[in-house]
Amino acid sequence: MTTGNPESLSEVDQQRLLEWFDGSSRNLPWRANPTPYRVWISEVMLQQTTVAACIPYFEKWMEAFPTVESLALADMKRVLVAWQGLGYYRRARNLHKAAQIINTQGWPPSLEGWKAMPGIGNYTAGAIASIALKLPTPTVDGNIKRVYARLTADQSSFSQLDKRAWKWAAKNLVSSRAGDWNQALMELGATLCRPLAPKCEACPLKSCCLAHRLGIVEQVPEKPVRKRAVELHLAAIVYWRVHHEELEIGLIQAEQSNWWEGMTIFPTQQLDQSLDQTEKPNAIGRVTHTVTHHKITFAVCLEQVHGKMSGVNFVRASALSELPMPSAHQKIWKLASKKLLDL
DNA sequence: AAACCGGGGGC
DNA sequence: GCCCCAGGTTT
């Protein structure tokens, strides 16, 4: 049993973690063949989603856009459809933008080169540089931050912790296996050193973990204060018509710098919070959608249209799935389509 | 339904 | 450094 200083891990502890990773790491599609393209796409997907949810998206993505060139030349709409359901759609736009840069300038050869790419920050650049380029670069994500905070019992505030975790990660990097080392720390954080109910007994680093020794594992790291969600009340209007004996739905494209830019959505109207607009005669119910720090309530209204409508594109209902529609509006469609089928 | 996690980027 | 982005999972 070593009880080394967690600020500066002993070689024995480092090897212990790497061996645990070698023996327990999951068989993930992007790990099998860690080319820059595959690591890049997987890392950006993983920024906001769990591993399990990412796997089918990653595999579909690689079929749709097998190379950076195919991504660079692809239609933005196709890219958004492939990303549909993952959320934070700006990331898909950034992937597309970066693909075009890479397609003309070549692959970034360094950490700094990756950091200059749109949508790539400190974490993702460090991950790609170490995993795909095999460069000895550290990285820090939420998992590594938590592992660091617990190992050293660092109870600093959330913003302080970030700086300290990066220092620690740089100091303790196993340079000869940087990619594996970074992934081992993240895997540890995701599977054992979890935010809630950590599995300390199974942890390869428990003998040098200060928080474990002090019995304060679940109190570290300090949780950031969260703001209450802002409530928004909107009416979502589902315009519909029968055209050539087919049901068609009126949709718009979210404008630049608006929510869900470039995605296909139902027209909405701001509502007075004090009014319960579901009382309106054409309202069929409500949909709630919580994102980041907004709680949106949509009063869904059906409205039949005869002929055209300016600013609204009518699309065959059966073709809706080919359009990039954010989850919130898919919920609206789910409610509206059920009602429309009853008519 | 409430609580929770999360990385990039603009300021 | 702080705050916003326009979400999903866990409890």
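Lettering of chains follows the sequences in order, A, B, ..., and the numbering in each one begins at 1.
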How are the rings of A:His294 and A:Trp259 set relative to one another: parallel (under 30°), tilted (30 to 60°) or perpendicular (over 60°)? tilted

Separation of atom CZ in A:Phe298 from atom C1' in C:dG7, rounded to whole Å: 13 Å

Could you state the interatomic distance from CD (A:Glu69) to OH (A:Tyr37), rounded to the nearest 0.5 Å? 11.0 Å

Rounded distance in Å - NE2 (A:His294) to P (C:dG8): 16 Å

Heavy atoms only: give me the nearest A:Ala178-A:Thr137 pair and the separation to one decimal. CB-N, 4.1 Å

More than 12 heavy atoms of other residues, nucleotides or ligands under 6.0 Å from NZ of A:Lys331: is that the case? yes

Bounded by its outermost nucleotides with an atom under 4.0 Å from a heavy atom of chain A, the footprint on DNA chain B reads B:dC5 to B:dG9

Ignoring hydrogens, what is the shortest heavy-atom contact between A:Cys208 and A:Leu9? Give both atom names and the distance. SG-CD2, 3.9 Å

Taking the same atom, C1', in C:dC3 and in B:dG6, what whole-Å distance lies between them? 14 Å

Among the nucleotides C:dG7, C:dC5, C:dG1, which one has an atom lying closest to any side-chain atom of A:Lys163? C:dG1

By the 4.0 Å heavy-atom rule, please label A:Ile296 as base, sugar-phosphate, or nothing. nothing

Walking DNA chain C from its 5' end, the first of A:His289 and A:Arg91 to be reached, judged by nearest nucleotide, is A:Arg91

Give the rounded distance in Å between these two atoms: CG of A:Leu46 and P of C:dG7. 18 Å

Considering only heavy side-chain atoms of A:Thr50, the closest of C:dA6, C:dT9, C:dG7 is C:dT9

Quick one: is C:dG8 close enough that its OP1 or OP2 comes under 4.0 Å of any side-chain N or O from A:Ser327? yes

How far, in whole Å, is C:dC5 from B:dC5 if one measures between their C1' atoms? 15 Å

What's the CG-P distance between A:Leu161 and C:dG1, to the nearest Å? 14 Å

Can a side-chain donor-acceptor contact be found between A:Glu43 and A:Tyr123 if the only test is distance below 3.5 angstrom? yes

Check the phosphate of C:dG7 against A:Trp260, side-chain N and O only, distance under 4.0 Å to OP1 or OP2. Yes or no? yes

Remember a base hit wins even if backbone is also touched, and classify A:Thr124 as base, sugar-phosphate or nothing at under 4.0 Å, heavy atoms. sugar-phosphate

Within this structure, what is the OH-to-C1' distance between A:Tyr88 and C:dC4, rounded to whole angstrom? 10 Å

Please work out if A:Lys145 contacts a base, only the sugar-phosphate, or nothing of the nucleic acid, heavy-atom cut-off 4.0 Å. nothing

Across all strands shown, which nucleotide pairs with B:dA2 by Watson-Crick or G-U wobble geometry, both distances under 3.5 Å? C:dT10

5′-ward residue of the pair A:Tyr123/A:Leu196 relative to DNA chain B: A:Leu196

For a quick check of understanding: with a heavy-atom distance under 4.0 Å over all strands, which category does A:Thr292 fall into, base, sugar-phosphate or nothing? base

Six-ring centre of A:Tyr57, A:Lys60 cation under 6.0 angstrom, axis tolerance 45°: yes

Test: A:Glu261 and A:Arg90 ion pair at under 4.0 Å: no

Using a 4.0 Å heavy-atom cut-off, does A:Arg194 contact any base of the nucleic acid, only the sugar-phosphate backbone, or nothing at all? nothing

Whole Å only: how far is the NE2 atom of A:His329 from the C1' atom of C:dG7? 14 Å

Distance check needed: C:dG7 P versus A:Ile332 CD1, whole Å only. 12 Å

Rounded interatomic separation in angstrom, taking CG from A:Asn122 and C1' from C:dG1: 14 Å

